[in-house]
Amino acid sequence: MNNKVKWGILGTANIASWGTIPGMKQSASCELYAIAGRNLDKAEDYKKRFGFKKVYGVYDQLLNDPDVQAVYVPLPNSLHKDWVIRALKAGKNVLCEKPIGLSAEETREMFKVAEENDVLLMEAYAYLHSPYIKSLVHDVKKGVIGDADYIDTAFITQGYKEDIRLHRELGGGAMYDLGCYCTSMILSLVESEPECVKADAEFSFEGVDLMTAGLIKFKNGIRASFNVGMILGENTDSRFDRFYIHGSKGSIKSGVEYNQEGKVSYKIYTDVGVVERKISVPNNYSLEIEQFSRCILSDEKPYITPEFSIKNAELIDKVLKAIGY
């Protein structure tokens, strides 16, 4: 049995060049087979830099290649639905960047098409594959800090002079780009449905949210808050990440960046004292590719399930409605 999946990349987005493709190169189960880009020169550059075997100047040419087994979609948010569905109907397994859809309705439709065509579809939340996140979630669900009652997280990055995130027609804005991290993290910890969602935002001249703050109350009584924004200067390397969980017997605090790798840690505060969990984290993108490749090669199920992606999309819908996006 072939122990490698032949991957095709649909587009030459920045996240592919600095995140996912380097992760693919570290994955033993991944073959960098094809790259497609509307700018053929840029696609050729990716081929040379990363070692793809084939290059296409038209996305459909890659989808029509019978040797491509899996397709990674890092296109602008507004293009996800169209190209994901095209890839699924072409019989390709698909890993699509977050947020997979601009609404829960789009998200449900894409997973329905995947089921109808007997192929796999997974949303690309690389950070959720991290042993750091898995350890944190395990500690909370095991009751290390008792019953969790409040969660708070923030993900704030630089401002941009020009970027696809600034364009409403491309699905831009802080909530789509950053808020989906916060909502997915919160939902990883809370096994309940949202009862009340409140949020407010600062909007840009172009009509996208530059900063959004939200409050969520779940039916089981847990409350959560989050702050996301693109406000820290312009085109800098600045960012701010925060994570805090309060429970009946203690709390957990972390300032580790989303998608961090290397040696990271979080602290557990209880009456007994302070415990620091130190965890060695490999490249999250490599972990993501390895997991999805195993799903294709064997009977393993996608770690980011359709149910989770739809639930997260429904929560994002509620936030966007609250801010008037």
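For the residue pair Val208 and Arg165, the shortest heavy atom distance occurs at CG2-O, 3.8 Å. Between Leu88 and Leu120, the closest heavy-atom pair is CD2-O, 4.0 Å. The shortest non-hydrogen separation linking Ser225 to Ile186 is O-CD1, 4.4 Å. The two atoms that bring Ser188 and Val137 nearest to each other are O-CG1, 3.7 Å, heavy atoms only. Residue Val197 comes nearest to Val319 through the heavy atom pair CG1-CG2, 3.8 Å, listed as atom of the first residue, atom of the second, then distance. Considering every non-hydrogen atom in both Ser280 and Pro131, the closest pair reads O-CG, 3.9 Å.
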| request: Given side-chain contact (heavy atoms from CB on, under 4.5 Å), test Phe50 with Ser17 step by step and report yes or no. | output: CA-CA 9 Å; Phe50 300 112; Ser17 66; 4.3 Å; yes
| request: Evaluate side-chain contact (heavy atoms from CB on, under 4.5 Å) for Lys98 paired with Asp177, printing each intermediate quantity in order. | output: CA-CA 8 Å; Lys98 57 77 198 167; Asp177 188 50; 3.4 Å; yes
| request: Any chance you could lay out the side-chain contact (heavy atoms from CB on, under 4.5 Å) test for Trp7 and Phe292, step after step, and finish with the verdict? | output: CA-CA 11 Å; Trp7 280 85; Phe292 196 59; 3.4 Å; yes
| Between Glu97 and His80, is a side-chain contact (heavy atoms from CB on, under 4.5 Å) present by the stated rule, with each step listed? | CA-CA 8 Å; Glu97 262 309 323; His80 286 179; 4.2 Å; yes
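Counting heavy-atom neighbours within 6.0 Å of Glu169 CD, excluding the residue itself, gives a total above 12. Remark: Lys141 NZ is packed, more than 12 non-hydrogen atoms of other residues, nucleotides or ligands lying under 6.0 Å away. Counting non-hydrogen atoms of neighbouring residues, nucleotides and ligands closer than 6.0 angstrom, the CZ atom of Arg223 reaches no more than 12 such neighbours. Around atom CD of Glu276, more than 12 heavy atoms belonging to other residues, nucleotides or ligands sit under 6.0 Å away. Applying the 6.0 Å contact sphere to CD of Glu115 captures no more than 12 heavy atoms from other residues, nucleotides or ligands.
The salt bridge (Lys or Arg N to Asp or Glu O under 4.0 Å) analysis of residues 126-139, with sequence neighbours excluded, yields the pairs Asp139-Arg277.
Between Lys81 and Glu106 there is no salt bridge, since none of the side-chain N atoms of the basic residue sits less than 4.0 Å from a carboxylate O of the acidic one. The existence of a salt bridge linking Arg108 and Glu314 is confirmed by a sub-4.0 Å separation between a basic side-chain nitrogen and an acidic carboxylate oxygen. Note on Lys112 versus Glu116: salt bridge recorded, some NZ/NE/NH1/NH2 to OD/OE distance being below 4.0 Å.
Residues Tyr127 and Gln260 have side chains that never bring a donor and an acceptor to within less than 3.5 angstrom of each other. Thr212 and Tyr325 share no side-chain donor-acceptor pair at under 3.5 Å. Residues Asp149 and His246 bring a donor and an acceptor atom of their side chains to less than 3.5 Å of each other. Under the 3.5 Å distance criterion, with hydrogens and angles disregarded, no donor-acceptor pair is assigned to the side chains of Ser103 and Asp317.
Distance alone, capped at 3.5 Å, is enough to place a donor-acceptor pair between the Glu290 side chain and the Ala28 backbone. Under the 3.5 Å distance criterion, the side-chain polar atoms of Asp209 are matched with a main-chain donor or acceptor of Met175. A distance-only check finds a donor-acceptor pair linking the side chain of Thr153 to the backbone of Arg242 [under 3.5 Å]. Side chain of Tyr176 to backbone of Pro99: no donor-acceptor contact under 3.5 angstrom is found. Asn117 places no side-chain N or O within donor-acceptor distance of the main-chain N or O of Val119, the cut-off being under 3.5 Å. Under the 3.5 Å distance criterion, the side-chain polar atoms of Ser248 are matched with a main-chain donor or acceptor of Asp147. Ser309 contributes no side-chain N or O that, together with a main-chain N or O of Pro306, makes up a donor-acceptor pair within less than 3.5 Å. Formation of a donor-acceptor pair under 3.5 Å by the Glu195 side chain with backbone atoms of Lys217 is not found in this model. Using modelled atom types, no side-chain atom of Asn227 and backbone atom of Ala154 make a donor-acceptor pair closer than 3.5 Å. Distance alone, capped at 3.5 Å, places no donor-acceptor pair between the His129 side chain and the Tyr285 backbone.
One hydrophobic cluster, built from ILVMFWY side chains closer than 4.5 Å, holds both Tyr160 and Ile15. Ile164 and Leu210 are assigned to two separate hydrophobic clusters, defined by single-linkage of ILVMFWY side chains at heavy-atom distances under 4.5 Å. Each of Leu10 and Val5 belongs to its own hydrophobic cluster when Ile, Leu, Val, Met, Phe, Trp and Tyr are linked at side-chain heavy-atom distances under 4.5 angstrom. In the hydrophobic clustering of this structure, Ile316 groups with Phe226; members are Ile, Leu, Val, Met, Phe, Trp, Tyr whose side-chain heavy atoms approach within less than 4.5 Å, directly or through other members. Side-chain heavy atoms closer than 4.5 Å link hydrophobic residues (I, L, V, M, F, W, Y) into clusters, and following such links, possibly through other members, connects Ile296 to Ile304.
Using a 4.5 Å cut-off between side-chain heavy atoms of Ile, Leu, Val, Met, Phe, Trp and Tyr, Val274 falls into a hydrophobic cluster with Tyr269.
Side-chain contact check for Lys278 versus Lys263: every heavy-atom pair is 4.5 Å or farther apart. A 4.5 Å side-chain heavy-atom check between Asn39 and Thr12 finds every atom pair outside the cut-off. Asp60 is listed as a side-chain neighbour of Arg86, based on a closest heavy-atom distance under 4.5 Å. At a threshold of 4.5 Å between non-hydrogen side-chain atoms, the residues Ser78 and His167 do not count as touching. Two residues are said to be in side-chain contact when any heavy atoms from C-beta on lie closer than 4.5 Å; Phe308 and Ser184 meet this criterion. Val68 has its side chain out of reach of Lys6: every pair of non-hydrogen atoms, C-beta onward, lies at least 4.5 Å apart. Under the 4.5 Å side-chain criterion, counting only non-hydrogen atoms from C-beta, Trp83 is in contact with Leu63. Side chains of Phe243 and Asp241 form no contact here, defined as non-hydrogen atoms less than 4.5 Å apart.
One finds the CD1 atom of Ile222 at 8.5 Å from the CG atom of Leu189 (value rounded to the nearest 0.5 Å). Taking CD1 of Ile289 as the reference point, atom OG of Ser27 lies at 7.0 Å (rounded to 0.5 Å). Atom CE of residue Met24 and atom CD of residue Glu288 lie 8.5 Å apart, to the nearest 0.5 angstrom. The CG atom of Leu187 sits 11.0 Å away from the SG atom of Cys182 when rounded to the nearest 0.5 Å. Taken to the nearest 0.5 Å, the CG atom of Leu128 stands 9.0 Å off from the CG atom of Asn259. Rounded to the nearest 0.5 angstrom, Ile9 CD1 and Leu62 CG are separated by 8.5 Å.
Ring-plane geometry between Tyr125 and Tyr181 is classed as perpendicular, the angle between the planes exceeding 60 degrees on a 0 to 90 degree scale with a lower cut at 30. Between Phe155 and Tyr258, the ring-plane angle classifies as parallel under the 30° and 60° cut-offs.
Here Tyr33 pairs with nothing under the ring pair (Phe, Tyr, Trp, His ring centres under 6.0 Å) rule; sequence neighbours left out.
In summary, of the residues considered (Lys4, Lys25, Lys53), a salt bridge (charged side-chain N to carboxylate O under 4.0 Å, His left out) with Glu31 occurs for Lys53 alone.
Taking the centre of each ring, Tyr266 and Tyr132 come in below the 6.0 Å mark.
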